[in-house]
Trainee: 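Got a structure for you, questions after.
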Number of protein chains: 2
Amino acid sequence: MSSNLTAKLSARQEQLLEALRRAEQELSGQDLHARLRASNTPMGLATVYRHLRLLQQWGLVRCRHLPSGEALFAPTERDEHHLTCVDCGSTHRLAHCPVHQLALPGEELNGFLPLFHTLEFFGLCPNCQRRQGRLPAEA
Amino acid sequence: MSSNLTAKLSARQEQLLEALRRAEQELSGQDLHARLRASNTPMGLATVYRHLRLLQQWGLVRCRHLPSGEALFAPTERDEHHLTCVDCGSTHRLAHCPVHQLALPGEELNGFLPLFHTLEFFGLCPNCQRRQGRLPAEA
DNA sequence: GTCATTCTGAGAATCATTCTTGTTTAGGCT
DNA sequence: AGCCTAAACAAGAATGATTCTCAGAATGAC
Ligand SMILES: [Mn+2]
Ligand SMILES: [Mn+2]
Ligand SMILES: [Zn+2]
Ligand SMILES: [Zn+2]
């Protein structure tokens with residue numbers, strides 16, 4: 001029950017985390033499953049999701065959701081953020097994390113131990129600004 | 001944030017945005033649908049999601065996804081962020097936005113027009129820290 | 001009025017994720 | 001080695017939020 005306190009990850013968990021690290025970018029659960037199947041460490045889809053959830057709970061994996069609804073997973077140590085166009089969905093990776101060593105006030109934390117964060121900016125890419133020319137707004 | 005544009009929202013879109021603003025906290029698409037049905041401005045589920053997507057594209061509505069997969073919607077002008085426990089899922093609202101007037105460098109933006117952002121912190125709440133004691137480390 | 005265009009919503013379809021369940025594996029003990 | 005139990009595994013079924021379909025309802029120019 002509390003084996004999650006052990007110092008070492010299981011073999012499957014290592015394989016999964018390694019595949020994520022080897023990937024050049026974030027992967028969906030399905031992508032990850034397909035890659036593992038194609039590699040020499042195949043595993044079932046349920047196993048992928050089960051360990052993905054556990055690794056998230058250990059703070060070793062993070063996920064972000066695209067506007068389309070896809071969930072993309074990445075190792076926590078990869079501290080990347082994006083600009084995403086709300087219209088066409090295109091995304092650009094930021095070169096640096098804008099809150100890299102932002103310290104939250106102690107009274108905000110209130111005993112909470114931060115492990116990682118997600119930060120995403122949304123707006124309009126140059127193309128869509130040009131194409132739209134205008135935006136509807138409230139009365 | 002901003003915008004003061006000239007185009008007008010449709011009646012349905014106004015009703016939807018009003019319901020979101022009236023809500024004391026973020027609502028899922030299903031929640032919103034249920035509330036509208038119970039109110040004097042009922043509308044179909046497809047219409048709720050259709051306009052929710054459009055309002056996101058106008059930059060008037062934002063959404064965040066919980067680890068559970070639910071998408072929660074809120075008006076963009078509500079600039080709130082949370083601490084979420086990766087273990088038990090409990091969330092705590094931050095009193096202030098830590099990046100409220102953070103300016104992204106122009107060369108990062110590269111013509112992109114920011115409309116809003118999402119920022120969420122993940123970690124361990126005091127209860128779960130106490131219950132776990134420590135975290136597994138990599139091999 | 002007529003016709004064209006846009007909007008709506010009930011229900012069906014989608015599909016990523018989770019659950020179920022029978023099977024296999026990993027140890028611990030003798 | 002043999003036996004036993006608990007945990008891990010994976011195939012397929014189930015779930016459920018979101019999206020799609022499409023026939024009817026509104027709108028709005030003429
Ligand atoms: Mn960061
Ligand atoms: Mn903010
Ligand atoms: Zn765009
Ligand atoms: Zn907790």
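Just the heavy atoms: all of them, side chains too, but no hydrogens, waters or symmetry mates, feed the values below. In what follows, chains carry the letters A, B, and so on, assigned in the order in which the sequence lines appear, proteins first and then strands, with residues in each chain numbered from 1.
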Trainee: With a 4.5 Å heavy-atom cut-off, do L32(B) and F73(B) have their side chains touching?
Mentor: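 When only atoms from C-beta onward are counted, F73(B) and L32(B) do not touch, as no gap falls below 4.5 Å.
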Trainee: Considering the terminal five base pairs at each end of the helix from dG1(C)-dC30(D) to dT30(C)-dA1(D), what angle separates the two local helix axes, rounded to 10°?
Mentor: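 Its terminal axes enclose an angle near 20°.
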Trainee: How many Å lie between CD on Q30(B) and P on dG9(C), as a whole number?
Mentor: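 So the CD-P distance, Q30(B) to dG9(C), works out to 15 Å.
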Trainee: Strictly below 4.0 Å: does R37(A) bring a side-chain N or O up to OP1 or OP2 of dA11(D)?
Mentor: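 Checking R37(A) against dA11(D): at least one side-chain N or O falls below 4.0 Å of OP1 or OP2.
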Trainee: Rounded to the nearest Å, what distance is computed from the NE2 atom of residue H65(A) to the P atom of nucleotide dA16(C)?
Mentor: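 Rounded to whole Å, this separation is 12 Å.
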Trainee: Among the nucleotides dT8(C), dA16(C), dG11(C), which one has an atom lying closest to any side-chain atom of R12(B)?
Mentor: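 The answer is dT8(C).
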Trainee: Just to verify, which of H96(A), R93(A), R64(A) counts as forming a side-chain hydrogen bond (donor to acceptor under 3.5 Å, both in side chains) with E80(A)?
Mentor: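 That would be R93(A); it is the only one of H96(A), R93(A), R64(A) passing the side-chain hydrogen bond (donor to acceptor under 3.5 Å, both in side chains) with E80(A).
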Trainee: Phosphate oxygens OP1/OP2 of dA10(D): is one of them under 4.0 Å from a side-chain N or O of T47(A)?
Mentor: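 For dA10(D), OP1 or OP2 has a side-chain N or O of T47(A) closer than 4.0 Å.
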Trainee: Check the distance between dC15(C)'s C1' and D31(A)'s CG and give it to me in whole angstrom.
Mentor: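 Rounding to the nearest Å, CG of D31(A) and C1' of dC15(C) are 14 Å apart.
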Trainee: Rounded to the Å, how far apart are R64(B) CZ and dA17(D) P?
Mentor: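 In whole Å, dA17(D) P and R64(B) CZ are 17 Å from each other.
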Trainee: Does H51(A) place a side-chain N or O at less than 4.0 Å from the phosphate oxygens OP1/OP2 of dC9(D)?
Mentor: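 It does, given that an N or O in the side chain of H51(A) lies less than 4.0 Å from OP1 or OP2 of dC9(D).
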Trainee: List the atom of Q56(B), the atom of F116(B), and the distance in Å for their closest heavy-atom pair.
Mentor: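 Heavy atoms of Q56(B) and F116(B) come nearest at O-CE2, 4.3 Å.
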Trainee: Whole Å only: how far is the CD atom of E26(B) from the P atom of dA17(D)?
Mentor: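 To the nearest whole Å, that distance equals 17 Å.
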Trainee: dA8(D) P sits how many Å from E14(A) CD, rounded?
Mentor: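 For the pair E14(A) CD and dA8(D) P, the rounded distance is 15 Å.
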Trainee: Can you give me the closest heavy-atom contact between R78(B) and A23(B), atom names plus distance?
Mentor: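 Scanning both residues completely, I find the closest heavy atoms to be NH2-O, 3.2 Å.
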Trainee: Figure out the CG/C1' separation between L54(A) and dC9(D), and round it to whole Å.
Mentor: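 One finds 14 Å between C1' of dC9(D) and CG of L54(A), rounded.
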Trainee: If you check every side-chain atom of R50(B), which of dT19(D), dG9(C), dA10(D) has the closest atom?
Mentor: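 Minimum distance to the R50(B) side chain belongs to dG9(C).
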Trainee: A71(A) has a side chain; which of dA8(D), dT17(C), dG12(D) sits nearest to it?
Mentor: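 Closest nucleotide to the A71(A) side chain: dT17(C).
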Trainee: Taking only the side-chain heavy atoms of Y49(A) (C-beta and beyond), determine which of dT18(D), dT17(C), dG9(C) contains the nearest atom.
Mentor: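 So the nucleotide nearest the side chain must be dT17(C).
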Trainee: Taking CG from L52(B) and C1' from dT19(D), how many angstroms apart are they, rounded to a whole number?
Mentor: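 Rounding to the nearest Å, CG of L52(B) and C1' of dT19(D) are 13 Å apart.
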Trainee: Determine whether a donor-acceptor pair (N or O, by modelled atom type, separation under 3.5 Å) exists between the side chain of H81(B) and the backbone of L94(B).
Mentor: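 Not confirmed, H81(B) side chain does not pair with L94(B) backbone.
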Trainee: Grab the two heavy atoms, one from L124(A) and one from C128(A), that are nearest each other, plus how far apart they are.
Mentor: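 Between these two residues, the closest heavy atoms are CD2-CB, 4.1 Å.
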Trainee: Are the side chains of L16(A) and T47(A) in contact, using a 4.5 Å heavy-atom criterion?
Mentor: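 Of all side-chain heavy-atom pairs linking L16(A) with T47(A), none is under 4.5 Å.
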